[in-house]
Amino acid sequence: MNVNLNVVKFLKQYDTDPELRKRVEDAEAAYPGSLEIRESVVEDVLIPIAEEMGLGFTLMDLYNYERALKRERSKDVELSEEELAALGEERSYWLVDKGWANDESCFRGGSGKGID
């Protein structure tokens, strides 16, 4: 699977830049729809901000990156309950686990939803 490097660059900047996080949070707060509908939030909030920064990507680029990241993080990992709890925030995704990834085939190397 090819990963759009703009997704990686944007998310790294999001993780390290408090001003960018605040901008996204403010845009989410002003979003007229339901925040549970992550696809719309990503398309209407996150992607436009990324495009303004010259780091354009699509909804499917983000989804495929998150699936690959989750698959990588889940490989041969045996953590205690305490370690899992400590990773809680660190393992947050925009789409995966928020209605988009009840798709166990991604852990079996299958094509899942056919979007890889």
Side-chain angles (χ1 to χ4, degrees):
M1 167 181 40
N2 293 330
V3 172
N4 182 330
L5 293 180
N6 284 347
V7 173
V8 178
K9 291 175 186 176
F10 178 80
L11 292 176
K12 281 184 180 180
Q13 189 161 349
Y14 178 85
D15 287 341
T16 60
D17 185 345
E19 289 180 26
L20 176 58
R21 275 195 311 279
K22 172 104 172 80
R23 183 173 175 207
V24 171
E25 288 169 5
D26 289 348
E28 278 186 326
Y31 181 71
S34 170
L35 291 181
E36 284 77 37
I37 305 171
R38 299 305 289 179
E39 176 180 351
S40 297
V41 175
V42 169
E43 287 179 331
D44 295 338
V45 173
L46 199 66
I47 290 175
I49 291 173
E51 287 175 353
E52 286 177 22
M53 297 169 59
L55 298 172
F57 55 86
T58 67
L59 182 72
M60 298 318 295
D61 290 334
L62 176 61
Y63 176 69
N64 285 327
Y65 170 74
E66 287 185 347
R67 279 189 49 202
L69 183 61
K70 184 173 183 175
R71 201 171 27 241
E72 184 62 33
R73 288 175 171 172
S74 300
K75 280 185 179 174
D76 302 319
V77 176
E78 291 187 31
L79 299 175
S80 68
E81 293 292 325
E82 295 81 26
E83 291 170 319
L84 285 171
L87 290 173
E89 286 298 312
E90 181 181 325
R91 292 188 181 245
S92 181
Y93 303 95
W94 282 89
L95 298 170
V96 172
D97 296 334
K98 295 181 179 163
W100 266 71
N102 292 330
D103 179 17
E104 294 178 14
S105 67
C106 69
F107 296 106
R108 295 187 301 265
S111 62
K113 296 181 180 184
I115 56 176
D116 286 330

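This one's a predicted model, so the numbers in the text were calculated from it and none came from an experiment.
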query: Are Leu46 and Met60 connected in the hydrophobic side-chain network, where two residues link if heavy atoms are under 4.5 Å apart?
result: yes
Matching residue for Phe57 among Leu11, Val3, Val7, Asn64 - test: side-chain contact (heavy atoms from CB on, under 4.5 Å): Val7
- prompt: With sequence neighbours excluded, what pairs up with Arg23 under the salt bridge (Lys or Arg N to Asp or Glu O under 4.0 Å) test?
  reply: Glu52
task: Just jot down the salt bridge (Lys or Arg N to Asp or Glu O under 4.0 Å) partners of Lys22, sequence neighbours excluded, or say none.
output: Asp26
Atom pair CG (Asp61) and CD (Glu66), whose distance is rounded to the nearest 0.5 Å: 11.5 Å
field: Flag side-chain contact, heavy atom, 4.5 Å: Thr58 against Asn4
entry: no
- request: Just jot down the salt bridge (Lys or Arg N to Asp or Glu O under 4.0 Å) partners of Asp44, sequence neighbours excluded, or say none.
  value: none
- line: Contacts of Leu55 meeting side-chain contact (heavy atoms from CB on, under 4.5 Å) (sequence neighbours excluded), chain-then-number -> Asn6, Lys9, Phe10, Gln13, Met53
- prompt: Is there a side-chain contact between Val42 and Tyr63 (heavy atoms, below 4.5 Å)?
  reply: no
- prompt: Minimum heavy-atom separation for Pro48 to Glu43, with atom names?
  reply: CD-O, 3.2 Å
